[in-house]
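Bear in mind the structure is a predicted one, so any value in this text is a computation, not a measurement.
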Amino acid sequence: MSDEAKKALQAMTNFASGTGMNAANQMSSIGSNLARYATQAGGMIDKYISGSSTDAITSAARRYADSPYLQDQIDAAAGDVRRNLTENILPSVDRSASAGGNINSSRAGIASGIAQRGAAEEIAQIGANLRSKAYSEGLGLAKDEAAASLNAANAYGQLGQQGIDALSAGTQAGYGAFDRINAANALDQQDRQGQLDADLASWEGNDNRAFDQLSKYMNIVGSNQWGQSGTSSSKTKEKSSGSILGQVLGAASTAAGVAKSFSDRRLKTNIRKVGELADGLGIYTWSYIWEPDDTVNFGVMADEVQSIRPHALGEPINGFLTVNYEKL
């Protein structure tokens with residue numbers, strides 16, 4: 001992953017864990033506050049249901065019509081009628097009866113009774129009219145109050161729904177932020193795993209590179225085997241190889257395979273370094289001291305193997321180091 005991609009990934013993680021989560025929390029907080037209105041809306045709807053029935057509305061209208069303030073209005077209107085009766089109508093009846101010589105007659109009494117009954121009926125009619133008007137107004141007010149309760153309940157219900165929507169949005173925003181964080185972590189993990197895989201492949205490649213180089217060096221010498229020798233076409237100086245090799249091997253077998261496993265620098269001459277493996281192990285050509293000078297062997301030095309790849313050392317023979325080339 002490039003540096004720019006890593007920066008973008010980190011920026012996404014920071015935004016999701018910072019701004020994204022803060023926004024989610026704020027939406028959830030607003031939603032929680034608004035959602036309380038849903039409960040209030042439920043209470044108002046209950047109140048509307050209980051207050052909008054016919055019995056409830058008519059009861060409210062009757063209470064309005066039976067108000068003591070209304071009774072004061074009726075009493076005031078009745079007072080005017082009574083004053084008119086006592087101050088105007090009854091004195092007029094008496095004057096008429098006196099003028100006719102019938103001051104105490106039944107006719108005068110009937111006229112007075114009629115006047116009083118008329119005043120009582122007028123007072124009753126005034127009271128009925130005022131109470132009827134008040135009852136009608138009470139009905140209207142009760143209906144308006146019920147409608148207002150319903151409207152308020154609807155308004156609170158809308159606020160509550162907005163709160164629920166905000167809570168849902170806050171929850172989704174929170175999940176979205178977590179998803180972004182998880183996605184960023186997954187990408188980072190993939191990148192780290194990819195780097196580990198690349199490092200492992202590189203290590204394995206480097207670990208096998210030494211063997212690849214050995215194979216290439218082996219191809220240089222043609223059909224000769226590691227640690228074995230060939231003879232050039234030039235004239236050679238003869239050596240008493242048998243006696244020298246016998247002294248080195250002692251009681252051990254003098255077979256060619258055993259002799260060729262020696263890689264002790266003390267048993268070699270004409271040593272020439274021709275290459276080096278990745279871990280620093282040198283590749284050399286040489287002649288054994290019991291071989292003709294023009295004999296060329298190709299391989300490694302046991303003292304270097306002992307330091308760099310000790311697992312490839314063979315069993316020592318009479319104090320001389322050997323190398324197991326199969327383990328190199």
Side-chain angles (χ1 to χ4, degrees), residues 1 3 191-328:
M1 184 182 293
D3 291 340
D191 180 63
R192 292 175 182 272
Q193 186 60 50
Q195 186 62 48
L196 289 175
D197 293 342
D199 291 343
L200 177 61
S202 175
W203 178 84
E204 289 177 341
N206 289 333
D207 191 56
N208 293 328
R209 192 179 303 164
F211 296 100
D212 295 338
Q213 291 181 0
L214 278 175
S215 297
K216 292 177 182 179
Y217 282 123
M218 183 179 71
N219 291 333
I220 294 174
V221 298
S223 61
N224 290 334
Q225 300 298 316
W226 289 104
Q228 295 192 10
S229 62
T231 304
S232 67
S233 60
S234 61
K235 292 184 179 180
T236 62
K237 181 171 66 177
E238 295 182 359
K239 294 183 179 181
S240 54
S241 60
S243 61
I244 297 175
L245 181 58
Q247 293 174 12
V248 172
L249 294 176
S253 171
T254 59
V258 176
K260 298 305 180 182
S261 68
F262 282 114
S263 285
D264 197 306
R265 194 183 296 267
R266 294 171 295 174
L267 300 177
K268 300 175 181 180
T269 187
N270 298 326
I271 298 173
R272 180 169 174 266
K273 187 173 183 178
V274 296
E276 185 175 278
L277 301 182
D279 58 3
L281 184 63
I283 305 299
Y284 298 88
T285 61
W286 71 86
S287 300
Y288 286 109
I289 59 176
W290 56 79
E291 292 179 329
D293 290 340
D294 59 352
T295 302
V296 178
N297 298 282
F298 186 83
V300 296
M301 295 294 166
D303 56 308
E304 291 185 5
V305 173
Q306 187 177 35
S307 299
I308 300 174
R309 299 189 186 186
H311 64 277
L313 283 177
E315 292 293 330
I317 300 177
N318 284 349
F320 293 99
L321 298 177
T322 65
V323 173
N324 186 341
Y325 277 87
E326 292 181 357
K327 294 183 178 180
L328 278 178

Query - Close side-chain approach of Asn297 and Glu291, heavy atoms under 4.5 Å - result: yes
Report summary line: To the nearest 0.5 Å, atom CZ of Arg309 lies from atom NZ of Lys327 at 14.0 Å
Query - Gly299 versus Tyr325, closest heavy-atom pair with distance - result: CA-OH, 3.6 Å
Query raised in the report: Can you find a pair of side-chain heavy atoms, one from Val300 and one from Ile283, that are under 4.5 Å apart?
Result: yes
Requested in this report: Go through Glu304 and Leu277 one step at a time and tell me if the side chain to side chain contact (heavy atoms under 4.5 Å, CB included) criterion holds.
Outcome: CA-CA 12 Å; Glu304 291 185 5; Leu277 301 182; over 6 Å; no
Report task. Check side-chain contact (heavy atoms from CB on, under 4.5 Å) between Gln193 and all other residues, then give those that pass, not counting sequence neighbours. Result -> Gln189, Leu196, Asp197
Query raised in the report: Which residues pass the side-chain contact (heavy atoms from CB on, under 4.5 Å) test with Ile308, sequence neighbours left out?
Result: Asp279, Leu281
Query raised in the report: Nearest heavy-atom pair of Thr285 and Phe298: which atoms, and what distance?
Result: CG2-CD1, 3.8 Å
Report summary line: Heavy-atom closest pair (Arg265 atom, Asp303 atom, distance to 0.1 Å) is NH2-OD2, 3.2 Å
Requested in this report: Using atom types as modelled and distance alone, determine if a side-chain donor or acceptor of Ser287 lies under 3.5 Å from a backbone N or O of Thr295.
Outcome: yes
Query - Arg266: partners by side-chain contact (heavy atoms from CB on, under 4.5 Å), with sequence neighbours left out - result: Asp264, Phe320
Report task. Decide yes or no for Trp286 and Asn270: does some side-chain heavy atom of the first lie under 4.5 Å from some side-chain heavy atom of the second? Result -> no
**Report entry** Nearest atoms (heavy-atom pairs only) where Val305 meets Ala312
**Finding:** CG1-CB, 3.9 Å
Query raised in the report: If only atom types and distance count, is the side chain of Thr269 paired as donor or acceptor with the main-chain N or O of Ile289 below 3.5 Å?
Result: no
